[in-house]
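Computed from a predicted structure; not experimentally measured. Residue numbers begin at 1 in each chain, while the letters A, B, ... track the order of the sequences.
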Amino acid sequence: MVQKDYTLRELMAVVAAKQLVDGKSVAVGTGLPLVAAMFAQKTHAPNLVIFFEAGGIAPQLPTLPISVGDSRTIHKALCTTTLIDIMDSMRRGFIDYAFLGGAQIDKYGNLNSTMIGDNYEYPKVRFPGSGGANDFGSLAWETLIIMDRHSPRRFVEKVDFITTPGYLYGIGAREEEGLSPGTGPSKVITDLCLFDFAPETKIMRLKAIHPGIKVEDVKRATGFEFIIPDNIETTTPPTEEDLIILHEVIDPEGRIFPK
Amino acid sequence: MVQKDYTLRELMAVVAAKQLVDGKSVAVGTGLPLVAAMFAQKTHAPNLVIFFEAGGIAPQLPTLPISVGDSRTIHKALCTTTLIDIMDSMRRGFIDYAFLGGAQIDKYGNLNSTMIGDNYEYPKVRFPGSGGANDFGSLAWETLIIMDRHSPRRFVEKVDFITTPGYLYGIGAREEEGLSPGTGPSKVITDLCLFDFAPETKIMRLKAIHPGIKVEDVKRATGFEFIIPDNIETTTPPTEEDLIILHEVIDPEGRIFPK
Amino acid sequence: MEMKILKEGTGEIFCKNTPTEMRNWTRVNKTRALVDKRMRIKDAVKKFIKDGDYLAIGGFGHIRIPMAIIYEIVRQRVKNLSVAGHTAVQDIDVLMAGGCVSSVDIAYVVGFELRGLSGVQRRLFESGQVKKTEYTNGAMSYRVRAGAQGIPFIPVKVMLGTDTMMHSPGKVVQCPFTGEKVLLLPALNPDVCIIHAHRADMYGNVQIDGHIVKDDLQARASKRVIVTCEELVSDEIIRSDPGKTVIPFYMVDAVIEQPWGSHPGNMPYKYYFDHEFTEDYLTAGRDKDLEAIDYWLEKWVYSLNDYDEYLTKLGAKRLYNLRDLEFLRAPVR
Amino acid sequence: MEMKILKEGTGEIFCKNTPTEMRNWTRVNKTRALVDKRMRIKDAVKKFIKDGDYLAIGGFGHIRIPMAIIYEIVRQRVKNLSVAGHTAVQDIDVLMAGGCVSSVDIAYVVGFELRGLSGVQRRLFESGQVKKTEYTNGAMSYRVRAGAQGIPFIPVKVMLGTDTMMHSPGKVVQCPFTGEKVLLLPALNPDVCIIHAHRADMYGNVQIDGHIVKDDLQARASKRVIVTCEELVSDEIIRSDPGKTVIPFYMVDAVIEQPWGSHPGNMPYKYYFDHEFTEDYLTAGRDKDLEAIDYWLEKWVYSLNDYDEYLTKLGAKRLYNLRDLEFLRAPVR
């Protein structure tokens, strides 16, 4: 049973934050990714550097931005520049992590944020498309994927459209297609569990489950076969102090975590 | 006989200036080209826009610069930018004229500013190389060439090294090699005369001679056969007023025109 | 020796301008002189934006967007625009609601970031009424950089291996120097670029405070550039800080002083989002009854003569509250 | 389908770094954290510049050049440097006089613009002692832009049809989208870039007043970046005008406050050329007796411990006269 003194979104934010190592850099989107990055800065990673796609580098965020390009993302920044300059820095190898999400994901971590349906011309649902996601997923050293509403409709055998590359069709595929060596998704954080990828196959592997969740729950919610190792960790729920940071320091207006 | 109340350099500056149409733009080097551009601004072309290779756009020149990148070239400029931005603007078609010179020139207006000799590894004299000259000669709409010391050693049948493209090997050659259509040298201003290029062959053609110079003088000083049309103009010598502008307004320190 | 094309996408290239044509066009059509380029938005749109043009929009979809120009394009009922969806949000949505758009180079569209999806855009894309080709934000910037540089294509290291690539016009080749695989994308040279900036002089020297996003490149790559600015200043002010001039005068065709010109978008250092206005707009667009969005357009665009009337309708208090919001301070009025 | 290579130059590529290697190297060797990067010039040169490195120099040959670093490289007798001669004037000349250079990518070298040719460089290039490959200033900037963008090559529209091209490593191909001919040049990713700027903070956020020339691109393309600045400021000053930050901290490895760091070069808005100093230097270099330049080096480089001693030797009056010259005013001292 999930403890009711924290929400799954809070847990996901804290689990995501813990993937970020101090002194590294991260390109973030709005919402949970930014909350995770800010939480890391306030706790174990004070020297984490935040990049925003639209051109803000290392701002002193006064409040949560609504857009990755809004005023807050350049507030007392060390540098305000262009979108292409951020992408160039990422390609040069300066950006360690990027957070991504999508409508669908497959066992190789390929993400679909373009469309649902089997006809590109007439999709059932049209989503935004890549935005910077494909750039981030191609160029950042590690992609951290956050997927809420973990279900077989979202965790599928084959995504309707590969918007952003995971490991494509398996080990060596990224390199074969010309993507930068040593890159790819490293973790998938869902509202049930935390996956990583098996080094020998690049197939998603259960790494940890949230308190109260069973492996069977994850299997039922996932539309593909993932690897179940012998040792499965349990994620650490947010502490009282963590929740105070989330609510009072990072999101006092209750935009991400409604009060 | 050349009138002795003006020097050939003064005449060349004024003749060069007269090639510039008001409201157009010019990329200039230091020395005579800049003097010509400034002279045009002070006389018939007040709306001539001056670009400097190192990044200065439309400055209010307080005095003659020593370098195309020095402080004077950005004095109260409208924009200070990068070398590549100037080149990009030139490729986009925004720059009408560029002034060039060199150690050698051939009948197609190909320029050598790289080396004298027949062995690239061990040249007799090594010159600066292209700098921005090849870029200008490739990208500006019209190249205006200024060559002093008109002699068979400088006006040669075949230059030792094509640093900057004139018409290469004749009509259509620039397009064949991939250079931008509609470009190339339009005039060559020397201390004896003014050449243009015959439209049907792209070979240098005598357009005007300086007062007191004979066609024979030009032939003797030129190491290749140029076209001699029926009508040859005589260049207009600088007026008293022109000389005042040159000496008192543009070069009061006597750097280009020693007093 | 050769470079083999190993794979290629099937996406349509909507913008046909090539760098060489751009040069030739520029020679004849763009003045290099310092001339007064002030005009009314109405006249600038009439003069420089034609049915069927390819349009690039400055800013970031709902940040520093040229809304005064966007509304005027809708008001003049310009048709069959192709648009660079290089993070396009409220800007493209209003154009699409107004029926001005027939094809889009998609990097980011349909979404309003945290605010969710657009009903208007979903309808038009899902029904196939608006054509599309896929790119990424990086890819679109690279294409525009190639256009600005005057080269016909550019190698990139994104999109490789994905359906995004297969629905683009990209071609995979091996680098003749290193052997590594790269994707070649065609340059992008839009017909028109519209930009909202902090300040400009009447000649078109444009300065932007904060992040430039992609406006520098888009202005350099486009045939026509129309600029609105919060403040029209003398060229002496420009000349006192020329390093801040992001777009030099010779690229610009029209300059209009239009304070609050990005509403309901966020103008950094000037005013924050009009959140309520955008939410109301989104609600109208998501309504299954298409009259809802038509009513919105009638109310905020067609029934008004120009942006001055729009601002008057919004009212001073509403606008100044957005300024307070930008500076994170409580309103006093 | 294929892109045939129609023509190619024979010039040697001196810098072997590829974009993919750069990425991998960057991941391991460059800190992203905000750490204090101040150090002495002596230590920065010792730590970051090795024999055989490929060096890119900021500024424009005799404008905003990092002379304090240049002198230190000579003093430490670094050998076999390759240098980007992307308008290289007094900067490269002193390095070549000091015997530090074995090969040069030439766009503009040997010349001192209006001041004439360098005896030092003529000797070394004409005797074949220093290797060379030909480019243009534009081409070198394009190569560095490709390096900054992390792509292995870039198409350009210069050099075509000339001997400059034939003595470069360029390859002519047809564009697979438009059919037009372009020249492909390899990206350039220097090992070290040295820059003199107006101000920086201790983390390496660098701001330059006036024209940037090529420093933004060179810093982005290089492995190591060493920056001297006229003024070391707090990061609060940087944060108050972040649009002016041309080079962000994570690219920079060492920051040194070094006023007058560009002497005898011109530092825009700070001091003008020391014309007499440069003329004396050129005279020494042109002397057929090689002892003349050795004497100059002994006097101004080897016999001095650091740049502080160099400035002391020049004397305050001489330096402040250069400031007066910059501002076109009569000296008062």
Side-chain angles (χ1 to χ4, degrees), chain A residues 29-31 52-56 62-63 66-71 73-74 77 80-87 90-91 110 112 114-115 117 120-139 159 161-165 168-169 173-174 176-180 255, chain C residues 7 59-64 85-87 89 106-111 113-115 117 121-122 125-128 132 134-139 141-142 144-145 157-164 167 172 180-183 209-217 266-269 272-273 275 326 328:
Chain A
T30 44
F52 287 97
E53 181 183 342
T63 173
I66 294 173
S67 157
V68 293
D70 85 23
S71 298
T73 67
I74 57 169
T80 56
T81 180
T82 57
L83 190 150
I84 203 169
D85 198 25
I86 301 294
M87 298 303 177
M90 200 175 295
R91 168 65 184 156
N110 299 309
N112 174 12
T114 300
M115 56 167 275
Y120 173 73
E121 299 305 329
Y122 304 97
K124 281 194 201 125
V125 187
R126 173 70 210 201
F127 291 114
S130 160
N134 179 301
D135 306 308
F136 286 19
S138 299
L139 302 175
V159 294
F161 192 104
I162 301 183
T163 310
T164 298
L168 298 172
Y169 41 86
R174 287 177 69 93
E176 173 61 26
E177 297 295 326
L179 290 168
S180 308
R255 239 186 257 149
Chain C
K7 213 178 248 195
F60 194 71
H62 41 163
I63 293 95
R64 207 169 41 64
H86 190 176
T87 294
V89 184
I106 295 183
Y108 181 97
V109 295
V110 179
E113 296 194 65
L114 287 185
R115 294 191 180 102
L117 300 185
Q121 291 188 58
R122 280 195 59 190
F125 283 120
E126 291 168 10
S127 64
K132 51 197 183 293
E134 304 293 321
Y135 296 96
T136 70
N137 270 341
S141 276
Y142 294 131
V144 181
R145 182 187 272 173
K157 294 294 290 182
V158 296
M159 293 171 61
L160 292 155
T162 63
D163 291 323
T164 305
H167 287 87
V172 179
E180 74 171 294
K181 284 179 189 163
V182 296
L183 179 70
D209 298 333
H211 50 345
I212 308 301
V213 192
K214 66 221 177 190
D215 298 34
D216 54 339
L217 295 177
N266 167 207
M267 185 71 185
Y269 312 119
Y272 204 54
F273 296 107
H275 187 63
E326 171 68 8
L328 299 154

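- Judged by a 6.0 Å distance limit and a 45° cone about the ring axis, C:Lys157 is not positioned over the six-membered ring of C:Tyr142.
- Looking at A:Phe127, the atoms closer than 4.5 Å to chain C (heavy atoms on both sides) sit in the backbone and in the side chain alike.
- Side-chain polar atoms of A:Tyr120 and C:Glu134 form a donor-acceptor pair below 3.5 angstrom.
- With a 4.5 angstrom heavy-atom cutoff, C:Leu183 does not touch chain A via any of its atoms.
- Interface check for chain A: of the options C:Val144, C:Leu117, C:Val110, C:Asp163, the most heavy-atom pairs under 4.5 Å are formed by C:Asp163.
- Using a 4.5 Å cut-off between heavy atoms, C:Asp209 does not touch chain A at all.
- With respect to chain A, the highest number of heavy-atom pairs below 4.5 Å among C:Val213, C:Val182, C:Val172 belongs to C:Val213.
- In this structure, C:His167 has its ring center closer than 6.0 angstrom to the ring center of A:Phe161.
- Top candidate by heavy-atom pairs under 4.5 Å with chain C, chosen from A:Thr30, A:Val125, A:Thr114, A:Thr63, is A:Val125.
- Here the closest non-hydrogen pair linking C:Tyr269 and C:Gly210 is CE1-N, 3.6 Å.
- Both the backbone and the side chain of C:Glu126 come within less than 4.5 Å of a heavy atom in chain A.
- Contact annotation for C:Ser127: only backbone heavy atoms (N, CA, C, O) come within less than 4.5 Å of a heavy atom of chain A.
- Interface remark: of the candidates A:Arg126, A:Met90, A:Met115, A:Lys124, A:Arg126 forms the most heavy-atom pairs closer than 4.5 Å to chain C.
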Inset, instruction - Give the C-alpha distance, both sets of side-chain angles, the deciding distance and a yes or no for side chain to side chain contact (heavy atoms under 4.5 Å, CB included) between C:Ser141 and A:Met87. - result: CA-CA 9 Å; C:Ser141 276; A:Met87 298 303 177; over 6 Å; no
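- For the options A:Pro128, A:Ser130, A:Gly178, heavy-atom pairs under 4.5 Å to chain C are most numerous at A:Pro128.
- Interface summary for chain C: among A:Asn110, A:Leu168, A:Asp70, A:Leu139, the most heavy-atom pairs under 4.5 angstrom belong to A:Asp70.
- Using a 4.0 Å cut-off between charged nitrogen and carboxylate oxygen, A:Glu53 and C:Lys214 do not count as a salt-bridge pair.
- A:Ser180 and A:Arg91 make their closest contact through OG-NH1, 2.7 Å (heavy atoms, listed as atom of the first residue, atom of the second, distance).
- For A:Thr81 against C:His211, the heavy-atom pair with the smallest separation is O-CB, 3.2 Å.
- Only the side chain of C:Ile63 comes within contact range of chain A, judged by heavy atoms closer than 4.5 Å.
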Inset, instruction - Start with the C-alpha gap between A:Leu83 and C:Phe60, add the side-chain angles, then the distance that decides, and say whether side chain to side chain contact (heavy atoms under 4.5 Å, CB included) holds. - result: CA-CA 10 Å; A:Leu83 190 150; C:Phe60 194 71; 3.9 Å; yes
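- If you measure heavy-atom distances from C:Leu114 to chain A, the contacts under 4.5 Å come from both the backbone and the side chain.
- Considering only heavy-atom pairs separated by less than 4.5 Å from chain A, the leading option among C:Ile212, C:Asn266, C:Thr87, C:Val89 is C:Asn266.
- Smallest separation of non-hydrogen atoms from A:Thr163 and C:Thr164: O-OG1, 2.8 Å.
- A pairwise comparison of heavy atoms in C:Met159 and C:Ala139 identifies SD-CB, 3.4 Å as the closest pair.
- Of the residues considered (A:Gly129, A:Pro123, A:Ser138), A:Pro123 shows the highest number of contacts with chain C, using heavy-atom pairs under 4.5 Å.
- Both the backbone and the side chain of C:Lys132 come within contact range of chain A, each with at least one heavy atom under 4.5 Å from a heavy atom of that chain.
- When heavy atoms are compared at a cutoff of 4.5 Å, C:Arg115 approaches chain A solely by way of its side chain, counted from C-beta outward.
- Residue C:Gln121 does not touch chain A at all, counting heavy-atom pairs closer than 4.5 Å.
- Among all heavy-atom pairs drawn from A:Gly69 and A:Ala54, the shortest one is CA-CB, 3.5 Å.
- When each of C:Arg145, C:Glu180, C:His62 is scored by its heavy-atom pairs under 4.5 Å with chain A, the top score falls to C:Arg145.
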